[in-house]
Amino acid sequence: MADIQLQKTYDFSTVEERLYEWWEQSGYFRPRGEGSPFVISMPPPNVTDRLHIGHAMFVAVEDLMIRHSRMKGVPTLWVPGSDHASIATELQLKKQLESEGTSSSELGREAFLERAWEWKDKYGGIITEQLRRLGASCDWQRERFTMDEGLSRAVIESFVRLYEKGLIYRGDYLINWSPGLQTAVSDLEVEYTEEIGTLYHFKYPIEGSDEHIPVATTRPETILGDTAVAVHPEDDRYRQFVGQTCLVPMLNRRIPVIEDDYVDREFGTGALKITPGHDPADYEVGKRHDLPIVNALNKDATMSEAAGPYAGLDRYECRENLWADMEAAGLTIKTEEYLQQVPRSQRGGEIVEPMISTQWFVSMEMLAEPAIEAVREGRIKVVPERFAKVYFNWLENIRDWCISRQLWWGHRIPAWHCGDCGEITIAREAPAQCAACESTSIEQDPDVLDTWFSSALWPFSTLGWPTETEDLRTYYPTTLMETGYDILFFWVARMIMTGLEFTGQVPFSTVYLHGLVRDADGRKMSKTLGNVIDPLEIMDEFGTDALRFTLLTGSSPGQDMSLSMERLAANRNFANKLWNAGRLVLNAIEAAPAEPAGDPTRTDSDRWILSRMNQVIRSVDRLFERHQYGEAGRQIYEFFWSEFADWHLEISKIQTGEGGDRAWLTARILVHVYHSTLRLLHPFMPFVTEELYGLLKSACERHPAQFGPRRGWEDALIIANWPEAGPVEPWESESVAAFTPLQELVVAIRYLRSEREVQAAQKIPVAIKAGDLAAFLEANRAALAWLARLDPEAVQIEADLEPPEDAIPLVVGQIEAYIPLEGLRDPEQDRLRIAKELEAVGEQVERLETLLASQFSERAPAEVVGKEREKLEALQGTASKLEDQLATLESGKWRRSQNQ
RNA sequence: GGGCGGAUAGCUCAGCUGGUUAGAGCGCUUCUCUUACACAGAAGAGGUCGCAGGUUCGAGUCCUGUUCCGCCCACCA
């Protein structure tokens, strides 16, 4: 064995960090070369995030694309960065302040923001360090932050432009209010959960009568904000009350009974209380009927002055007290359990209250239209396609976007309120005076923008927009946007809208959406469930490559996947297999002579593996084009393990052992195939492949034969050329077909060995009646003997031969083999085995005969029919051989000696 | 109420231009520490591809319907 001191097990822990630093320092992450570039903007993680499995997913997918593109020789840029995550960060910081016994209000805005920046500086780098751990080959020199100077300028610029175009407005509207966070949130930030609640039925008394209208509500406290009772115009039960006046329970406020066909007569009592201040549907009804709006809640979700005696109570306390009082007043009817959709804040999980409030909005309809067109016309392709439908559906029914947040951490709205005339001045720079009255008593709007407002600009703001920078010219529009489907609306749709609005171009031409990673039981990972898988722990245990390969295979685009430890372990084993196969290849290189004496020709196994290699490269290319990365990875895995390692590497041992020209050519081919596989695999498993590439390269460079690519070795695999298969050659499929009989024969002999419990060490003889395949088998005699553990001296291969007596018969396609081995004979078992095989083959023959006798022969393409016909002929040949053997066995010919 | 996805081996999942004996990993059975690898090697068992129709010479793959599970969107109190 050659003198190569490599451990038997691949130890990723000593490799990953070293290689990453080397790559980064070598500048490999920066775009190189000429031509149309491939660009991805990284979805910016929140500054204060810790690495979670979602990050691992996007890095795996995007880095795969980036590395592939880079190896293709395309100038490749992956722009990294992070997001200030206004609301999430502010929440965390508030928690921290609380633990310190202080609060944001105590600190005041400025001190709070100082703390926020400190926090960002301290924790903001953690996530980017962790992305390095995943192997993300992004251009860190172009790293951006949503609140850095350039991006802030982009935010202000876009706000002002939208405002000037009349697409931003401010006003009092019903918005979702988060009482705990004390801010408005957008529709998207509200999640509806199905919960069992109570439906309260009660009486709405008619003024000046004993009659009442029965009404039902899930939120009795909102009764205090009612401004009408509505009934269906054709509802005979209540029609007579329309136009009369009801009295709000406990307040005796007078409100009208109105008619509106929004009311569903079938549901509940068939009459509806209208609370325009606290219900979106009621708000619409209120607008139609010009009803007043009563705001019954304060910002902290306690009851407002409008609630009269209940003012100051918490909303739920009020609900209880009010209901008790109503009960005492005889106004209640009944309560019942009711399954309802409860709106909860995506952040804190608290129940969100619809509330009237002064906020800033973006008018979306005009922005949505071009965004719809861009996808419809195919200027943006969505992968998988089905999400385009979801995208259209959302944009076609889009509602205005509430962009103001009553928070401090974020981009402050560039609006200045005049203390004198009340006018608002919108400006790119802080103005000195009011634009309307020139008063200097102006103050900037306290609100900040929704964090997604700045993210929406990400693909171009990171490249310098609004300045026409070199980067913007070169790398915009970007090529592809890759992210989870869960932020299609939050982010992707908005980027498309702003991209078209501000740059006049689509921000990217493909949207690739990956699925969500779930736990082994298919559940969503969440902190409350306690089933969160920490990628850092996974990487410690299995290595980054195993994690990445696991995330990339075994799923298809947009499809959720479960992460199982079994698959992680299997892929860690795969990395180890690569490693050990590498060691063998290195041995073969060491063993090879400096140069061939003659002109060695390839063996059948050589031709076979080279053909398969080309086929796999083509297949992988095809799959990559269609974003079928999982299937591509699977095919490389199968090829490497089940074909290259299991067959060709085994045979190569024989070939290397022959020495001389054979050993030289064998090494050369091993280097080629192994090198190609490393390159195919590099985007999936960057670390182990780079490490092995280094070992392969130096072994080849040390060796006088100078094996390796014609263009020479690159310094690193990360910048090596993607393998090319060239056009399909006829010899490829021929070589693959030619090799099959050898494999089948080997498997058959191994089966027999296993069946007869032959010791592994025992080399057995065989006589082979090979017909047309005699020359082929003769050429592969050594390989056959090695693979099937035969005694090379006792392998007899003839086109035709008289079956030896007292031998175990085997039929493999067109080949008959006889194993003349005393101790192993068991004619009865042979008979059973052959009968069974004959039955199976017979069934196939019958099936094919029927098939070929049917319309199939006329209707199916000649090629397909021909293939089946050939198959039938081969099977018929096999069947007749089996029949012969069976007849011989039954005649007792081979039984004679048993009775001796 | 709309829309989408899933249902394939005991388990977790691939299988994307329909081609006729459906694959992998794990698990299971038997053997082997054979000079790359026991994170391995060899052999094997195991599936009417949710159900019902249809199109087709041919369907896991296309169409229709249907059941169960999951997700998204939506103003039934």
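This structure is a prediction, so every number in the text was calculated from the model and none was measured. Proteins come first, then strands; the chains are lettered A, B, ... in the order of their sequence lines, and each starts at number 1.
Using bins of under 30°, 30° to 60° and over 60° for the plane-to-plane angle, the ring pair Tyr338(A)/Phe267(A) lands in the perpendicular bin. Note: Tyr629(A) and His627(A) have perpendicular aromatic rings, judged against thresholds of 30 and 60 degrees for the angle between ring planes. The aromatic rings of Phe489(A) and Trp394(A) lie parallel to each other, their planes meeting at an angle below 30°, with 60° marking the opposite boundary. Aromatic ring pairs are classed by plane angle as parallel below 30°, tilted from 30° to 60° and perpendicular above 60°; the pair Tyr10(A) and Trp579(A) is tilted.
Taking the six-membered ring wherever Trp is involved, the centroid distance between the rings of Tyr637(A) and Phe574(A) falls below 6.0 Å. Two rings, from Tyr204(A) and Phe202(A), have their centers less than 6.0 Å apart.
Across the interface with RNA chain B, nearest-nucleotide mapping of Val758(A) and Leu188(A) shows Val758(A) to be the residue nearer the 5′ end. In terms of position on RNA chain B, the residue among Glu650(A) and Glu566(A) whose nearest nucleotide sits closer to the 5' end is Glu566(A).
Atom pair Lys8(A):NZ and C33(B):P shows a separation of 14 Å (rounding to whole Å applied). The interatomic distance linking Lys867(A) (NZ) with G58(B) (P) rounds to 18 Å, in whole Å. Between the C1' atom of A36(B) and the CD1 atom of Ile589(A) lies a distance of 13 Å, rounded to the nearest Å.
Regarding contacts with the backbone of C37(B), every side-chain N or O of Thr9(A) stays at 4.0 angstrom or more from both OP1 and OP2. A close approach under 4.0 Å does not occur between any side-chain nitrogen or oxygen of Trp579(A) and OP1 or OP2 of A40(B). Put simply, Arg399(A) has a side-chain N or O that comes within less than 4.0 Å of OP1 or OP2 on A74(B). Between Tyr338(A) and the phosphate of A77(B), there is a side-chain N or O to OP1/OP2 separation shorter than 4.0 Å. For A40(B), one of the phosphate oxygens OP1 or OP2 lies less than 4.0 angstrom from a side-chain nitrogen or oxygen of Asn573(A). Note on Lys273(A): every side-chain N or O is 4.0 Å or more away from OP1 and OP2 of A77(B).
At a threshold of 4.0 angstrom between heavy atoms, the contacts of Arg753(A) with the nucleic acid are absent.
Straight-line distance between the C1' atoms of G19(B) and G58(B): roughly 7 Å, to the nearest whole Å. Straight-line distance between the P atoms of U55(B) and U61(B): roughly 15 Å, to the nearest whole Å.
You won't find any donor-acceptor pair under 3.5 Å spanning the side chain of Glu757(A) and the base of C31(B), going by distance alone. One donor-acceptor pair, N or O on each side, does fall under 3.5 Å between the base of A36(B) and the side chain of Lys653(A). Between the side chain of Lys577(A) and the base of C37(B), at least one donor-acceptor pair of N or O atoms lies under 3.5 Å.
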Dump every N/O contact between nucleotides 1-5 of chain B and the protein below 3.5 Å, one line per pair.
| unit_1 | atom_1 | unit_2 | atom_2 | d |
| --- | --- | --- | --- | --- |
| G3(B) | O3' | Lys389(A) | NZ | 3.3 |
| C4(B) | OP1 | Lys389(A) | NZ | 2.4 |
| G5(B) | O2' | Gln559(A) | NE2 | 2.9 |

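Residue Arg626(A) has its side chain nearest to C16(B) when only A36(B), C16(B), C76(B) are considered. Each of G41(B), U34(B), G19(B) was ranked by its minimum atom distance to the side chain of Trp641(A); first place goes to G41(B).
Base pairing annotation: A52(B) forms a Watson-Crick or G-U wobble pair with U64(B), both donor-acceptor distances under 3.5 Å.
Counting only distance, with no hydrogens or angles, the side chain of Asp545(A) and the backbone of Phe687(A) share a donor-acceptor pair below 3.5 Å.
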